Amino acid sequence: MPIESIIGGWVATGLTLFIFSFLYKDNPLFKVAENLYVGVSVGYTIVKTFDTVIVHLIWKPIVETGEWSLLIPVAIGTLMLTRYVPKAAWISRYAFAFIVGVGSGLAIPRTISSFILKQIEDTVRPILLLVPGEGVTFTWSLLDPTSSLNTIIILIGVSAVLFYFFFSVEHSGPGKVVARTGILFLMIAFGAAFGYTVMARMSLLIGRLTDLIEFSDPSYGMPTLWLLGLTILTLVVMSRRSSGKQTKEEE
Amino acid sequence: MIFLRRQLPLLITLIAGLVFAAQYYVPHPASEQMLTSVTKWLQIISGFALVLGVSSLFHVHAAKIRRKEAGWGYSFILYVGMLGTIAVGLWSNGKEAVDGASTAFGWVYNYMMVPLQGTMFAILAFFIASAAYRSFRARSREAAVLLIAAVIVMMGRVPLGEHLIPISGDLSQWILNVLNASVRRAILIGVSLGTVALSIKIIFGIERSYLGGGKE
Amino acid sequence: MKRETLNVKRGKGDKSCLAALLIAALLSLFDSPVSAETALLPLQDVRAFDTPSDGGGSLTILWSSAPYDSAIMKYQILLGEETALSDPAAMKVVAEFPADQHYVHDSKWPWWTRPTTRDQHQFTLRNGKGIALKDWTAYTIAVAAVLNDDRVIARPVQATPQPNWVNWNQMNNFLLMLLFGGIVFYAIGTARKREIFLRRIPGLDAVDEAIGRATELGKPILYLTGAHDMTDPSTIAAAVILGRVAKRAAGYETDLLVPHRDPITMAVCHEITKQAYLEAGKPDLFKDDANFFITSDQFSYTAAVDGIMLRKKPATNFFMGYYFAEALLLTETGASTGAIQIAGTDADHQLPFFVTTCDYTLIGEELFAASAYLSREPVQVGTLRGQDIGKAFILGVLGVGTILATLGVILDAQWPHFFLDIFKDTK
Amino acid sequence: MTFTERMLKIDRRIIFLVIGLCTLLPLLYPVGFPIRISPEVRGVYDHIELLPEGSVFLLSLDFDPASKPELQPQSIALLHHAFRKNLRVVAMTLWVSGTGLADQIVTQVAREMGKENGRDYVFLGWSPGGTAVIINMGQNLYGAFPTDYNGKPTRELPVLHGVNNLRDVNYAVSLGAGNPGVEAWYVFGKDKYKFELGGGCTGVMAPGLYPLLRSGQINGLIGGLRGAAEYEELIGQKGHAIAGMDAQSATHMAIIVLVIMCNLFYLSLRTAARQGQSGA
């Protein structure tokens with residue numbers, strides 16, 4: 001096995017265990033891993049931003065194909081740095097104004113298209129279906145999301161939840177019934193989504209544990225076992241110390 | 001001066017907003033080209049914004065180290081991690097791998113970023129269980145409904161659950177495809193209306209708190 | 001089974017297609033194989049033109065359906081670059097398909113841009129797959145009907161592809177934008193004139209209580225603005241609410257911690273917080289490092305915020321804006337420190353976790369409503385009223401649309417589509 | 001504080017421990033609950049099963065370490081199956097960040113099955129260009145990959161004898177965690193060069209790929225850990241995925257039991273409180 005893989009195995013195992021130790025309680029090992037993680041991720045972002053933005057989006061297009069128009073966003077970006085000069089800080093507003101303006105403009109038609117029209121289109125379906133040989137029929141199948149019964153249920157659900165989000169209408173009288181139906185639908189959906197997500201999250205844990213099992217292999221020098229011992233030892237020593245401190249404080 | 005400080009930013013927002021809302025309805029290649037450019041522009045601008053963020057981070061932790069605040073050693077570790085990654089990254093030209101062989105930067109990614117990220121993510125497995133224990137209590141009718149839906153779907157997702165209650169698989173499919181879908185649709189429609197309304201207000205300068213400084 | 005019902009649902013066009021199939025089958029019964037002379041009549045009404053409402057590089061061809069259209073027969077599309085072509089048979093075949101496919105009613109044209117009746121054949125030639133159509137260049141196009149070895153080619157027609165400036169297919173989208181914009185402005189106007197009723201939002205009543213509790217305990221308030229940048233409405237809403245929270249916190253002289261993931265959001269929130277302290281009359285209490293940046297990476301940010309929660313033990317945590325998987329990592333840690341937690345998000349996939357782990361959650365649109373509720377400014381309240389009218393409108397569309405779509409099936413009619421097409425996402 | 005009250009405010013670290021053990025133990029000692037085989041996974045299995053010995057099987061491992069938990073078991077199961085059927089295995093990746101992982105997986109399974117690099121299988125590694133690599137391979141495989149991952153010239157490898165481009169591939173499977181992945185292999189590969197294509201993906205992506213499956217653009221789909229477990233079941237080799245599914249079953253059941261327990265405690269506490277009230 002190459003030496004960098006072995007060192008990598010030790011580092012990865014150590015960091016994994018240090019992060020997991022946070023489940024027990026906050027401790028120096030977790031703090032080390034946490035701060036190292038923040039540091040590495042910021043470093044990683046800086047390098048990646050440098051590589052994509054400065055090298056690939058600015059330098060190369062300007063030098064190689066002469067896209068001088070790219071100096072405009074560079075200028076706007078620089079405006080943002082005026083924040084460091086208190087007197088000129090207001091200039092940075094131009095950059096924000098541009099970003100937010102573009103963002104809002106882009107959002108309007110696209111939101112209408114994919115989140116309003118598309119959702120209406122999917123909800124508005126005929127309640128009765130034309131079944132060949134049987135003529136116009138009402139289909140009862142629950143498992144087919146396009147069946148008549150499900151079309152009605154979806155329509156009720158969408159309407160009731162939409163009504164729940166009316167803010168300028170008091171939820172009283174018949175409105176109360178509709179709003180309550182809406183809440184029930186909301187709760188079922190939240191419960192279902194929660195239950196559905198459990199599997200994906202467990203898969204992640206399984207992935208981490210599989211890695212740890214792999215790194216307990218002698219070819220890596222069994223880092224999992226050694227480092228697990230070290231982590232537990234640290235936690236024990238630490239809790240001894242803090243309980244010692246506490247008794248002192250209490251005295 | 002007041003024009004430069006207050007009206008001009010609003011004018012910029014108005015023009016940028018109207019132009020890029022209109023862009024959607026124009027299929028001409030020139031309009032597509034404009035969209036591609038501005039996407040690139042936004043990426044470049046946010047690259048510059050990173051300077052703001054990193055300087056804030058630098059400042060906070062430098063202050064901690066200078067004042068030797070409690071835990072300043074961790075700030076030091078943060079610096080080492082950051083500078084080390086930058087050094088390794090620049091040395092590897094920002095590439096994780098060259099011709100399929102991993103570089104030193106790739107090593108940092110594979111053996112530090114990935115396990116750290118994966119482990120932080122995996123902690124969710126524990127938290128989802130403790131959240132379920134803490135909050136899935138039949139305190140009210142709504143809470144009971146939520147709890148039952150969650151249990152049915154959890155049953156229906158795994159072999160053992162399907163084995164114990166065979167109908168749970170189909171039932172959870174129905175809950176997800178029909179009930180859950182209808183709720184998500186309604187939430188999306190509501191949120192989208194809010195999004196469109198807010199965007200319109202921003203473009204026409206009615207909502208300007210994003211510029212900082214509230215009403216002015 | 002499902003597919004069959006879908007096909008039949010399409011209505012008249014398919015009926016005629018069925019009829020054509022029947023005729024073809026009958027023909028083949030009496031005289032098989034179909035002789036080329038009788039079956040393959042020249043194609044009727046062949047038209048070719050630049051595909052409307054597109055970015056260029058595309059041509060549309062239309063021709064009438066023939067009584068003998070069936071799966072055993074094929075149509076070919078022939079393309080020639082020269083405009084003065086002597087022999088159509090020498091043109092390149094760019095597409096071939098069974099004759100019972102590619103009808104106008106299969107395409108996505110809404111009624112206001114549909115160039116012809118629904119039962120005509122339609123084919124759109126696009127760049128790619130061995131075809132290179134240059135804009136502003138005239139092309140010769142022919143359609144051929146093929147049965148076994150026989151081929152009948154219609155008289156070639158000419159067309160020039162070009163890019164267009166308006167996508168007329170999306171005019172319904174544009175009209176809805178105007179309509180909704182109008183509603184919002186109208187509602188704001190009304191709100192300026194008279195008071196508009198707003199129902200209670202339980203999560204918001206808790207905001208004051210939560211800030212008060214932090215003051216009592218002498219602990220800070222933690223406020224997160226979410227994962228998206230300043231172009232996202234949920235972040236803007238979060239920033240607006242931050243302004244109100246900061247103002248109250250300044251009034252109570254409680255510390256505020258706002259860790260950020262996006263530098264621009266940080267800069268904007270810095271300004272907003274500063275202004276809030278100024279308005280509360282406590283500019284001297286404002287701390288420059290109340291808003292600080294951690295990292296833009298999802299989970300290292302989460303690790304750091306979890307660390308802050310465990311070490312500074314804030315009495316109140318606010319989670320406003322858009323979140324991803326980190327939501328539960330934040331709220332569960334917050335719950336373990338005993339903080340009051342108030343969330344508000346339009347991230348539908350994370351709502352289940354906020355609802356189960358936070359004390360109060362602003363669900364979806366309630367996040368946008370929150371700033372109106374807190375400020376009671378006519379502009380904000382009016383917008384909310386406008387959104388309500390918009391929702392009522394959509395509810396109406398859903399009801400009327402379902403009735404019309406059902407009627408369309410029962411009566412086997414096309415006229416409901418005049419209404420239904422308006423609310424389709426036509427691209 | 002009564003027992004029930006104490007149980008309701010249980011230290012959450014005990015729950016963590018339960019979840020940790022419910023995951024770890026099945027991974028170490030798999031039980032193998034019977035798994036229902038779905039037709040989409042069977043589609044891939046049946047196709048490989050029917051391939052004659054010596055057919056060319058292309059496996060593209062289009063994922064990076066982040067999707068390892070779900071896609072590594074799929075790759076291992078597929079490789080086991082292909083090696084057992086004595087197919088000629090051509091492995092590659094379109095994700096540069098997944099190159100090292102892909103190499104590790106292929107080498108490890110080949111070693112277990114006693115296969116020789118270059119004769120029975122080859123790992124081509126990664127080549128720049130994203131989806132363009134697929135098109136290049138469709139025209140000339142040796143142009144897209146002049147050498148394999150270890151730097152050996154591909155033209156001289158016995159395993160690639162008679163293989164010039166993608167048309168000579170009998171079956172290709174893309175295990176994709178995003179783009180480029182299964183969809184790209186269909187659009188730029190199968191659609192043009194007419195080889196049979198199967199797919200595998202993460203659990204999150206599976207619903208999005210069902211349209212491709214229904215229209216026959218891919219002849220099978222292995223979805224997430226569950227799909228991998230089904231495949232392991234089909235080839236009768238209990239691996240990480242089956243163990244993983246056991247762990248899934250165990251943790252799901254553990255959470256359900258915890259929730260039921262907590263509700264029992266809660267209800268008993270509430271009835272006790274009500275009785276106390278009415279008694280007073």
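Since this is a predicted model, take the numbers as computed values, not measurements. Both backbone and side-chain heavy atoms feed into the values below; hydrogens, waters and symmetry mates do not. Within every chain, numbering begins at 1; the chains are lettered A, B, ... in the order of the sequence lines, protein sequences first and strands thereafter.
- Residues B/Y24 and A/I108 are not in side-chain contact: their nearest non-hydrogen atoms beyond the backbone lie 4.5 Å or more apart.
- The distance from the CZ atom of A/F185 to the CD atom of B/E142 is 14.0 Å, given to the nearest 0.5 Å.
- With respect to chain A, the highest number of heavy-atom pairs below 4.5 Å among B/L50, B/N177, B/V19 belongs to B/L50.
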Worked verdict on A/S104 versus B/F20 for side chain to side chain contact (heavy atoms under 4.5 Å, CB included):
CA-CA 8 Å; A/S104 307; B/F20 285 96; over 6 Å; no
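- Contacts between B/Y25 and chain A at a heavy-atom distance below 4.5 Å involve the side chain alone, from C-beta outward.
- Counting heavy atoms from C-beta on, the side chains of B/V183 and A/I188 never come closer than 4.5 Å.
- Heavy-atom distances place both the backbone and the side chain of B/Q43 under 4.5 Å from chain A.
- Interface residue A/I19: backbone and side-chain heavy atoms are both found under 4.5 Å from chain B.
- Of the residues considered (A/G157, A/A12, A/G195, A/G8), A/G8 shows the highest number of contacts with chain B, using heavy-atom pairs under 4.5 Å.
- Contacts between A/L17 and chain B at a heavy-atom distance below 4.5 Å are absent for every atom of the residue.
- The heavy-atom pair separating B/R5 from A/R93 by the smallest distance is O-NH1, 3.3 Å.
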Could you give me the CA-CA distance, side-chain angles and deciding distance for A/L205 and B/F126, then say whether side chain to side chain contact (heavy atoms under 4.5 Å, CB included) is met?
CA-CA 9 Å; A/L205 178 60; B/F126 297 101; 3.7 Å; yes
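- Contact annotation for A/S203: neither backbone nor side-chain heavy atoms come within less than 4.5 Å of a heavy atom of chain B.
- Qualifying side-chain hydrogen bond (donor to acceptor under 3.5 Å, both in side chains) partners for B/T13, counting only residues two or more places apart in sequence or in other chains: B/Y210.
- Within the 4.5 Å cutoff, the side chain of A/F98 has heavy atoms near those of the B/V38 side chain.
- Contacts of B/L171 with chain A are absent, with no heavy-atom separation under 4.5 Å from either backbone or side chain.
- Using a 4.5 Å cut-off between heavy atoms, A/D51 touches chain B through its side chain atoms alone.
- The residue among B/M154, B/H61, B/R185 with the most heavy atom pairs within less than 4.5 Å of chain A is B/R185.
- Most heavy-atom pairs under 4.5 Å with chain A: of the set B/V158, B/L10, B/L198, B/I187, this distinction falls to B/I187.
- Residue contact with chain B, scored on non-hydrogen atoms closer than 4.5 Å, is absent for A/F18.
- Only the side chain of B/V108 comes within contact range of chain A, judged by heavy atoms closer than 4.5 Å.
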Dump the intermediate steps for side chain to side chain contact (heavy atoms under 4.5 Å, CB included) on A/V102 and B/L42, then the final yes or no.
CA-CA 9 Å; A/V102 173; B/L42 288 183; 4.1 Å; yes
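- More than 12 non-hydrogen atoms from other residues, nucleotides or ligands lie less than 6.0 angstrom from CZ of A/R110.
- The CD1 atom of A/I112 sits 10.5 Å away from atom OG1 of B/T195, with the distance rounded to the nearest 0.5 Å.
- Only the side chain of B/I202 comes within less than 4.5 Å of a heavy atom in chain A; its backbone stays farther off.
- Among B/L11, B/N110, B/L116, B/I12, the residue making the largest number of heavy-atom pairs under 4.5 Å with chain A is B/L116.
- Only the side chain of A/E67 comes within contact range of chain B, with at least one heavy atom under 4.5 Å from a heavy atom of that chain.
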Steps toward side chain to side chain contact (heavy atoms under 4.5 Å, CB included) verdict (A/F165, B/L193):
CA-CA 11 Å; A/F165 286 119; B/L193 285 176; over 6 Å; no
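- Within the 4.5 angstrom heavy-atom criterion, only side-chain atoms of A/A107, from C-beta onward, approach chain B.
- Distance check, rounded to the nearest 0.5 Å: CD1 of A/I120 to CD1 of B/I189 gives 5.5 Å.
- Side-chain atoms of B/W107 come within 3.5 Å of backbone N or O of A/E4 as a donor-acceptor pair.
- Residue contact with chain A, scored on non-hydrogen atoms closer than 4.5 Å, involves the side chain of B/L176 exclusively.
- Side chains of B/L4 and A/W90 form a contact here, defined as non-hydrogen atoms less than 4.5 Å apart.
- Residue B/A143 does not touch chain A at all, counting heavy-atom pairs closer than 4.5 Å.
- Looking only at side-chain heavy atoms (C-beta outward), B/I123 and A/F22 come within less than 4.5 Å of each other.
- Looking at A/D211, neither its backbone nor its side chain comes within 4.5 Å of chain B, counting heavy atoms on both sides.
- For the pair B/R157 and A/Y196, the cation-pi criterion (under 6.0 Å, within 45° of the ring axis) is fulfilled.
- When every heavy atom of A/S41 is checked against every heavy atom of B/M113, the shortest pair comes out as CA-SD, 3.9 Å.
- Here B/V178 is the residue among B/L90, B/L8, B/V178 with the most heavy-atom pairs under 4.5 Å with chain A.
- A donor-acceptor pair under 3.5 Å is formed between the side chain of A/K48 and the backbone N or O of B/G94.
- Within the 4.5 Å cutoff, the side chain of A/V40 has no heavy atoms near those of the B/M82 side chain.
- Atom CZ of A/R83 is separated from atom OG of B/S55 by 9.0 Å, given to the nearest 0.5 angstrom.
- The aromatic rings of A/Y44 and B/F105 sit parallel, their planes meeting at an angle under 30°, below the 60° perpendicular limit.
- Interface residue B/V51: backbone and side-chain heavy atoms are both found under 4.5 Å from chain A.
- At a 4.5 Å heavy-atom cutoff, the contact between B/F136 and chain A is made by side-chain atoms alone.
- Neither the backbone nor the side chain of B/A181 has a heavy atom closer than 4.5 Å to any heavy atom of chain A.
- Closest heavy-atom contact between B/A125 and A/M202: O-CE, 3.4 Å.
- A heavy-atom distance below 4.5 Å is not found between the side chains of B/K40 and A/P73.
- No part of A/V55 comes within reach of chain B, as not one of its non-hydrogen atoms sits under 4.5 angstrom from that chain.
- With a 4.5 angstrom heavy-atom cutoff, A/Y164 does not touch chain B via any of its atoms.
- Top candidate by heavy-atom pairs under 4.5 Å with chain A, chosen from B/I203, B/T85, B/T119, B/D170, is B/T119.
- Proximity to chain B (any heavy atom under 4.5 Å) is shown, for A/T151, by neither the backbone nor the side chain.
- Looking at A/T49, only its side chain comes within 4.5 Å of chain B, counting heavy atoms on both sides.
- Residue contact with chain B, scored on non-hydrogen atoms closer than 4.5 Å, is absent for A/S159.
- A/S69 approaches B/W41 most closely through the heavy-atom pair O-CZ2, 4.0 Å.
- Within a 6.0 Å radius of CZ in B/R141, no more than 12 heavy atoms belonging to other residues, nucleotides or ligands are found.
- Side-chain contact between B/I128 and A/F194 is present, with heavy atoms from C-beta onward closer than 4.5 Å.
- For a residue to count as touching a neighbouring chain, one of its non-hydrogen atoms must lie under 4.5 Å from one of that chain's; by this rule B/L18 does not touch chain A.
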